[in-house]
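Reminder, nothing fancy here: chain letters follow the sequence lines and each chain counts from 1.
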2 protein chains.
Amino acid sequence: MLGRLNHVAIAVPDLAAASAVYRNTLGATVTDPQALPEHGVTVVFIELGNTKVELLEPLGEGSPIAAFLAKNPSGGMHHVCYEVADIVEARDRLKASGARVLGDGEPKTGAHGKPVLFLHPKDFAGTLVELEQV
Amino acid sequence: MLGRLNHVAIAVPDLAAASAVYRNTLGATVTDPQALPEHGVTVVFIELGNTKVELLEPLGEGSPIAAFLAKNPSGGMHHVCYEVADIVEARDRLKASGARVLGDGEPKTGAHGKPVLFLHPKDFAGTLVELEQV
């Protein structure tokens with residue numbers, strides 16, 4: 001069922017500073033910031049050849065990463081995103097196995113314009129898992 | 001300088017349980033456990049096509065992931081590992097930019113038998129970064 005690693009997401013308090021570290025200190029290719037007000041974040045992508053790292057900065061009130069950054073003020077790894085071919089089939093299989101899907105269980109349109117779901121960290125070794133249909 | 005994402009490492013309190021979740025619930029390919037006493041961990045790899053996830057369980061006294069699991073008893077994302085072509089050149093460039101290399105700054109032989117270094121999380125958006133020469 002599980003496909004490629006789509007991205008690793010790192011929440012950061014200062015997107016410009018974190019982008020500069022990746023671009024200048026680590027010599028990586030970093031995209032321009034993209035504000036996603038409907039997701040409460042501004043993002044950049046670090047292009048790594050085989051996959052990407054997504055840096056997330058809170059945008060607006062009630063950002064979904066605000067609580068995480070309150071607990072981790074320097075930033076930190078926030079979630080991993082795995083690709084699946086059919087997100088509804090994946091969800092049904094996960095629910096049948098007892099895993100918890102966050103929210104109302106219906107796929108939403110993610111930051112890349114594709115259907116996504118998030119899974120409960122307690123069911124996946126303490127790691128917030130995003131599934132994206134590709 | 002930065003190459004591919006070699007792996008994302010997730011520290012887990014129970015490797016058999018976490019492997020079962022990835023194998024059975026998520027339908028992933030999980031390798032057999034490999035004890036690495038010199039690194040204080042037992043590992044499995046989840047093969048994702050473009051990269052891999054490494055699940056780490058503490059092994060023996062003084063495991064380098066023991067403190068992390070004490071703080072995160074359910075487990076959690078522990079580090080990301082990026083590939084570099086020349087680890088000594090990468091280290092010298094990082095040190096010149098003011099980034100902190102952990103330990104004595106000399107590359108060690110990592111879990112895959114290749115030279116590795118770890119970088120201070122405070123210098124990389126709260127994320128422990130491993131560099132591996134490939």
Novice: Could you state whether A:I65 and A:F118 fall into the same hydrophobic cluster, counting links through intermediate Ile, Leu, Val, Met, Phe, Trp or Tyr residues with side-chain heavy atoms under 4.5 angstrom apart?
Specialist: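 No, A:I65 does not connect to A:F118 through the hydrophobic network.
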Novice: What part of A:V80 is in contact with chain B, defined as an atom under 4.5 angstrom from a non-hydrogen atom: side chain, backbone, both or neither?
Specialist: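 Interface part for A:V80: both.
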Novice: Taking every heavy-atom pair that is under 4.5 Å apart, which of A:V84, A:L2, A:V53, A:V12 has the most such pairs with chain B?
Specialist: A:L2
Novice: Spell out, yes or no, whether A:L55 and A:F68 are grouped together once hydrophobic residues are joined by side-chain heavy atoms under 4.5 Å, including indirect joins.
Specialist: no
Novice: Would you mind checking chain B against chain A for donor-acceptor pairs under 3.5 Å and listing them?
Specialist:
from: B:M1; atom 1: N; to: A:G27; atom 2: O; distance (Å): 3.2
from: B:L2; atom 1: N; to: A:L26; atom 2: O; distance (Å): 3.3
from: B:L5; atom 1: N; to: A:N50; atom 2: OD1; distance (Å): 3.0
from: B:L5; atom 1: O; to: A:N50; atom 2: ND2; distance (Å): 2.9
from: B:Y22; atom 1: OH; to: A:Y82; atom 2: OH; distance (Å): 2.8
from: B:N24; atom 1: O; to: A:R93; atom 2: NH2; distance (Å): 3.2
from: B:L26; atom 1: O; to: A:L2; atom 2: N; distance (Å): 3.3
from: B:G27; atom 1: O; to: A:M1; atom 2: N; distance (Å): 3.2
from: B:N50; atom 1: O; to: A:N50; atom 2: ND2; distance (Å): 3.0
from: B:N50; atom 1: OD1; to: A:L5; atom 2: N; distance (Å): 3.0
from: B:N50; atom 1: ND2; to: A:L5; atom 2: O; distance (Å): 3.0
from: B:N50; atom 1: ND2; to: A:N50; atom 2: O; distance (Å): 2.9
from: B:S74; atom 1: O; to: A:G126; atom 2: N; distance (Å): 3.4
from: B:G76; atom 1: N; to: A:A125; atom 2: O; distance (Å): 3.3
from: B:Y82; atom 1: OH; to: A:Y22; atom 2: OH; distance (Å): 2.8
from: B:R93; atom 1: NH2; to: A:N24; atom 2: O; distance (Å): 3.2
from: B:A125; atom 1: O; to: A:G76; atom 2: N; distance (Å): 3.3
from: B:G126; atom 1: N; to: A:S74; atom 2: O; distance (Å): 3.4

Novice: Treating Ile, Leu, Val, Met, Phe, Trp and Tyr as nodes and any side-chain heavy-atom pair under 4.5 angstrom as an edge, say whether A:L59 and A:V44 lie in one connected cluster.
Specialist: no
Novice: Based on non-hydrogen pairs under 4.5 Å, which of B:A11, B:G98, B:A125, B:P13 is most in contact with chain A?
Specialist: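 It is B:A125.
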Novice: Counting only heavy atoms closer than 4.5 Å, note whether A:L119 contacts chain B via side chain, backbone, both or neither.
Specialist: side chain
Novice: According to a hydrophobic-cluster definition based on side-chain heavy atoms being under 4.5 Å apart (Ile, Leu, Val, Met, Phe, Trp, Tyr only), do A:L15 and A:L69 belong together?
Specialist: no
Novice: Do A:V129 and B:L48 belong to the same hydrophobic cluster, where Ile, Leu, Val, Met, Phe, Trp and Tyr are linked whenever their side-chain heavy atoms lie under 4.5 Å apart, directly or via other members?
Specialist: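 Same cluster: A:V129 reaches B:L48 through Ile, Leu, Val, Met, Phe, Trp or Tyr contacts under 4.5 Å.
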Novice: Listed by chain and number, what are the side chain to side chain contact (heavy atoms under 4.5 Å, CB included) partners of A:P73, not counting sequence neighbours?
Specialist: none
Novice: For A:I10, is it the side chain, the backbone, both or neither that has a heavy atom under 4.5 Å from a heavy atom of chain B?
Specialist: side chain
